[in-house]
Each structure stands twice: as structure tokens, then as C-alpha cells.
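Worksheet: one structure, shown below.
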Amino acid sequence: MGRRPPVSDVLREALARVAGQLGGDGAAWVLERPREAGHGDLATNLAMVLAKAQKAPPRKVAERVIAALDLPPGVVSRTEIAGPGFINFWLAEDQLAASLRTIAAAGSDYGRHNFGAGVKVNVEFVSANPTGPLHVGHGRGAALGDGIAALLEWSGHTVTREFYINDAGVQIDRLALSLWARVQQAVGRQAEIPEGGYHGDYLKEDAAQVLAREGPAFADLPAEQGIARCRELGPLLQREQQDRDLATFGVRFRVFFSEQSIYDRGGIDSTLRLLHERGLTFEEDGALWFRTSAYGDDQDRVLRKRDGSYTYFLPDIAYHVDKHDRGFDRVIDVWGADHHGYIPRVRAALRALGYPEDFFTVAVVQLVKVVRGGEEVKMSKRSGEFVTLRDLFEEVGVDAARYFFLMRRSDSQFVFDVDLAKSQTEENPVFYVQMAHARMSGIFRVAGLDPASLSGDARVEALPTEDDRALLKKLTAFPEVTARAAREQEPHRITGYLEELARLAHAWYHKCRVLGETPDIEQARLTLARASQIVLANGLGLLGLSAPDRM
RNA sequence: GCGCCCGUAGCUCAGUUGGAUAGAGCAUCAGCCUUCUAAGCUGAGGGUCCCAGGUUCGAAUCCUGGCGGGCGCACCA
């Protein structure tokens, strides 16, 4: 980003050279932004890490490090040794001015990186069975998967968003039987939802649709024929519904991958053959097994049952083989916590096939609990009563729903407070962040200026207050945050950053007048407002959220 | 019983890959609108980082053992 490397890189490289000279090659030191403003703009623990090799107290080593440090002029204005041996750096004014120009020049690209260039990644998420509506858990998976995909794109990866359709198992038979029963009920006949079937009211609506499509005589077909047709229509109608929900939710997939297509193309047999050739299978008790225990799973797993049918495991291996064959360097599966026990066996299978260890990773999404009015909203798929994703985002709005799903680490359970998500006050973090953006836009609206017309040139000396500086410094941290979030696949780092930034932006807005100040200050603050607007918009956009100009 | 995740302020949660005096929001209390959006800002109080050991210059963070909560442990998907 920009024409010259970020200051932190310049410093890091210089420190690395010193580390090499002082016998600290490969030592695990860091250069980071201290929490405390009094600890400088950047700080390193290098001296403490080198202390042992140097056989000297850390503060003494710090002096040697500083003496050996060879920095170009105009980078650092002050250096200090602090605490047990930290070296704190204050950046030169030049650097702050440069960062304003960098932000303005990069615009909507500010925060992007290229370290993932050339790496093809498949992110598979949601992958709901085509047997019912998406519920809130799918929503969390959708927001997370899309967020991870976006983070990877922002760091230069080539990303494919993919949805796996489980359209081949017994659940489809159950859906067909349940739908047929609803069709019969719709024409006034007695019919029971079968054991293990789907009781939700949505199938009543589907039955009405089926009758509308196929004509009223459809219900009079012989059961076998009617059920066969329901087997086609049921999943189709559910898929259509899911796609509508996902589209409204702002999530688009490039690939919808059908499980049935694996069977149809002979992927099952070819995978079986592949495993057999590698000596990974054996027969026992009339079943065919995969020797997964030799690859990290705690037991061997059945591929083909005694009755000749396949377990779910086999098509799942075939599916991941297919992803590998399609040329992906990495695949990331977003799974609900209730499937986490399944990870070791898939990992074992892919390991057995000789795929790289980092080829396959799973982002586990923990449970979502929905709370309204202080009460948990219970859901039960069995009784057919549950909170659908659509119910949720129609009540709180798409932006709020997506933001809430992303604002916590995915691997901890999450309480979705519906009342909070709906509130239009500072308590609501989505609102708070979007409001900060709207305020920045408001300055330009009142000034009658096109924010894009600002070059980014400003005299940093014309940003005199602590609030000016704090906001500017926060803006410069954005690229580091996106990089870290992408590496860790943790979108919640972005929401956390945005909230911190919004707090500084609101405080700045309140305390620092822009329009009507001296020309110098007005120009500098307009530039700062522009930069803030860019970073807020980029952060929100990255997460798939809107950045309104007025609210 | 075994495995995975979680345990941090009254509540919801962060915590920069082992760093400096553990942070934020909400809630509580006290203030702030002639000003680009008060849909906001400022300040105060609030902690056994679940417990006990260990590793080291240094542990909320890593290791071991407990305790508590959640989710899994199929020839189901």
C-alpha cells in the first residue's frame, strides 16, 4: 500500500539486522503497538529476548541494540528504554503525514494485502440440508464463512465460496414422505408425518406450492409416484427458499456442490479404489473400513456398511478429494459445533492421502442462543418450532444480524440479544460504528465538498490535539488488523477494531471542530475526516455491511 | 468414562501469538446540547483473570491436575 513500505516494516527489518549481529537469529521477538500511549508508537521486546545470549541485563542490551540500530532519517523521532527492557519508538511527524496520504491514495483498497497472492482457497460454509429453512446457527456460519472469505480476498487470496448440498441421504427420503403427507392433508385426507420426518409448518406451504405447480390431481397419484415427485420437489423448494434468505442476507456462493453428483459421476467408486490402492482399507464383520486410527483418529471408521450402503464418511472424503483435484491449495470448512467430533476422521483421511497438513482446516461455529426480553427463545427442530434466520434478520435488520454474528470469536458460545440488535442507540455496536461513518460524511455534506477530492496532503502540525493524534494513529493500524485477522481467520478482530476506531472518531468529532477553524487546521481535519471515513467504510464493507452517509 | 470448545468487572465480551499498572461496552453514579447529527461526549466506582501446582527475567496467555458449563463420542447424516 503506497509507494514506500510501512514504517513498522522498516523498523522491523532494522531490528532484525541488529538481532542477527547480536546472536539472536531466529529469536522470537516482536515489534508491536503498545496499549499505553505513554509507551510510544511501536515497541519491541528484542533486548529482553537477547539478554540471555548477550549475558547481560535487558536494559544494558537495549543500549547496545539502540547503538547498533541503523535507521534511515525521518522515521523515528524518539527512542527510549523502558520498564524491564522494552525499547519504545515514537514515529516522526513525517510518518504521520505520509500515512494520511497513503490512506487517501489507497481509498477503498486501504487495508488490502498481497501476501495471499497465488493461493487458491475454498471456503465451504452454511451447507444446510435442503430439508428446512435456515436457522440462526446457519446465520452465524454464513456471516463467519463470508467474513473469512472476504478477509482472505483482502489479503490477496483467490477465494471460492462454496455450499455443499446434502441431497443424497435418507433425510431426503424422509422429506419426501413428510411432504407427501402434507399434500394429502392439504386436500383434506388423513395422513401422518412419518417417524423421523419433518414436522415444521413450512412443509404445509410447500405442499400448497406443489399442488399449485402440479395441479390438484397430483394428490390422487399412486403414493409411490407422488412420493418420487416429492423427492424431487421437496429439496428444490427448500433450496430456493434458502437461496432467497442467503441473498437477502448478502451472501453469495460461487459453487453449489451436490452430494448426489458425487455418486452420479462415479466419485464414490474412484475414491474407494484410491483408498484401496493405497492399502488404507480392510474388511471386517462384513463391512469395509478405513484405517483412520493410523492417521490420528481414535478409531477406524466404516466406509461401507454391512448392508452394502455407504456411510456419510465416504462421500465426504470423495468431496474433499474433489476439492483437492480442483486445484485448491487450502480448503476451509465452516462447521457447527455439533460436528466437531467429525474433524479428526476427515483430517485423518486427507492425511492418509498424503495431502499437506495445512490443506484442510475447520472453523467451528459454536451454538447461538437467542434472547429476547431477557428470555431465551427456545428452538426445537423436532417440534418444528425454531427461530429462522429470516425471522431474525427481518426483525433486527441484515446489518445488525451480520455484525452481531461476527463480533464474537466463533469458537465461543454466543448470546444474540434481539433487543440490543434492534436498538438504535449507542448501546448497539453496529449503530455506533455506522453512526461514526455517517458523521464523517456529514462534515463533507455541510461543507459542500466531495470527500474524494481530498488529496491527503495535510500538515500534521495542524492537528494539534491528543484527539487528533489518537484518531490518526488508530487509522494507521488498520492494515495490521486486517492482516492479522486474515491470518487467524478471525473476523471479530475487525469488529473490535471498528468499535475502538468509532469511539475515537466520536470523541474527536465532539471535541475537534473542523469547519470554520483556521484554513490550516480545517484542511488537516478534513483530511483526517476523509481518512476516517475511508477506514470505517472499508472495515464495514469487508464484513459485508453498509456504511451509510446519513442515518 | 474419553475427546473438543469455553471459564476474565454485576452482565456481554476483548486481550496484539509469554510482556509494562488486565481493557471495552452495557448497567450504576456524577456531569455536558448557541457548535459539522446529544442516534453523541466527559468523568467515577467496580477484578482471587475458576482453583492448585509447574515452566522463567516475566503467565489471563504455555504445561500438569482438578472444578464448572457447552458440544460430541454410530455400520445416523
Any-strand Watson-Crick or G-U partner of G68(B), both distances under 3.5 Å: C6(B)
Assigned partner base of A60(B), Watson-Crick or wobble definition, under 3.5 Å: none
Below 4.0 Å: OP1/OP2 of A14(B) and any side-chain N or O of Arg484(A): no
Tyr497(A) vs G15(B): side-chain N/O to OP1/OP2 distance below 4.0 Å: no
Of Ala43(A) and Glu499(A), the one whose closest RNA chain B nucleotide lies more 5': Ala43(A)
Might you list the N or O atoms of the protein lying below 3.5 Å from N or O atoms in nucleotides 32-34 of chain B, with each pair's distance?
none

Contact under 4.0 Å: Tyr509(A) side-chain N or O vs G40(B) OP1/OP2: no
Nucleotide nearest His492(A) (side chain, heavy atoms from C-beta), chosen from G15(B), C6(B), U37(B): G15(B)
Side chain to side chain donor-acceptor pair (under 3.5 Å) against Glu395(A), all qualifying residues, sequence neighbours excluded: Arg372(A), Lys422(A)
Rounded distance in Å - CG (Leu46(A)) to C1' (A20(B)): 16 Å
Residue list, side chain to side chain donor-acceptor pair (under 3.5 Å) with Gln489(A), at least two apart or on another chain: none
Ring centre gap for Phe256(A) and Tyr164(A) strictly below 6.0 Å: no
N or O in side chain of Thr44(A) less than 4.0 angstrom from G19(B) OP1/OP2: no
Nearest listed nucleotide, side chain of Tyr312(A), among A39(B), A77(B), U12(B): A77(B)
For atom CD of Glu488(A) and atom C1' of U16(B), their distance in whole Å: 10 Å
Separation of C36(B) P from Trp508(A) CH2 (nearest whole Å): 14 Å
Base-pairing assignment for A24(B) (Watson-Crick or G-U wobble, both under 3.5 Å): U12(B)
Shortest non-hydrogen contact between Ala400(A) and Val430(A), atoms and distance: CA-CG2, 3.8 Å
Counter-base of G1(B), judged by Watson-Crick or G-U geometry with both distances under 3.5 Å: C73(B)
Side chain of Gln299(A) - closest among C5(B), C73(B), A77(B): C73(B)
Heavy-atom donor-acceptor pair, Asn45(A) side-chain to A20(B) base, under 3.5 Å: no
For Arg525(A), the option from Asp520(A), Asp467(A), Asp468(A) that meets salt bridge (Lys or Arg N to Asp or Glu O under 4.0 Å): Asp468(A)
Greater than 12 external heavy atoms within 6.0 Å of Glu80(A)'s CD: yes
Gln413(A): partners by side chain to side chain donor-acceptor pair (under 3.5 Å), with sequence neighbours left out: none
Closest to side chain of Glu32(A), choosing from G25(B), U17(B), U42(B): U17(B)
Nucleotide nearest Trp289(A) when distance is taken to its side chain, options C5(B), C75(B), G72(B): C75(B)
Any-strand Watson-Crick or G-U partner of U17(B), both distances under 3.5 Å: none
Anti/syn call for C41(B), syn if |chi| within 90°: anti
Separation of atom CG in Asp297(A) from atom C1' in C4(B), rounded to whole Å: 13 Å
Show the atom names and distances, to 0.1 Å, of all donor-acceptor pairs under 3.5 Å that link a side chain in residues 56-64 of chain A to residues at least two apart or in another chain.
from, atom 1, to, atom 2, distance (Å)
Arg59(A), NH1, Gly83(A), O, 2.6
Arg64(A), NH1, Gln54(A), OE1, 2.6

Val302(A) side chain, from C-beta outward: closest of C71(B), C75(B), A77(B): C75(B)
His340(A) NE2 - C73(B) C1' separation (whole Å): 8 Å
Listed nucleotide nearest any side-chain atom of Ser412(A), set C36(B), A14(B), G19(B): A14(B)
Comparing Glu490(A) and Arg445(A) on RNA chain B - which has the more 5′ nearest nucleotide: Glu490(A)
Proximal nucleotide (of G19(B), C6(B), C75(B)) relative to the Met48(A) side chain: G19(B)
Side chain of His506(A) - closest among C41(B), U37(B), G19(B): C41(B)
Short side-chain N/O contact from Arg409(A) to OP1 or OP2 of C6(B), under 4.0 Å: yes
Residue Val446(A), side-chain atoms from C-beta onward, closest of A20(B), U12(B), U37(B): U37(B)
Ring pair (Phe, Tyr, Trp, His ring centres under 6.0 Å) against Phe257(A), all qualifying residues, sequence neighbours excluded: Tyr319(A)
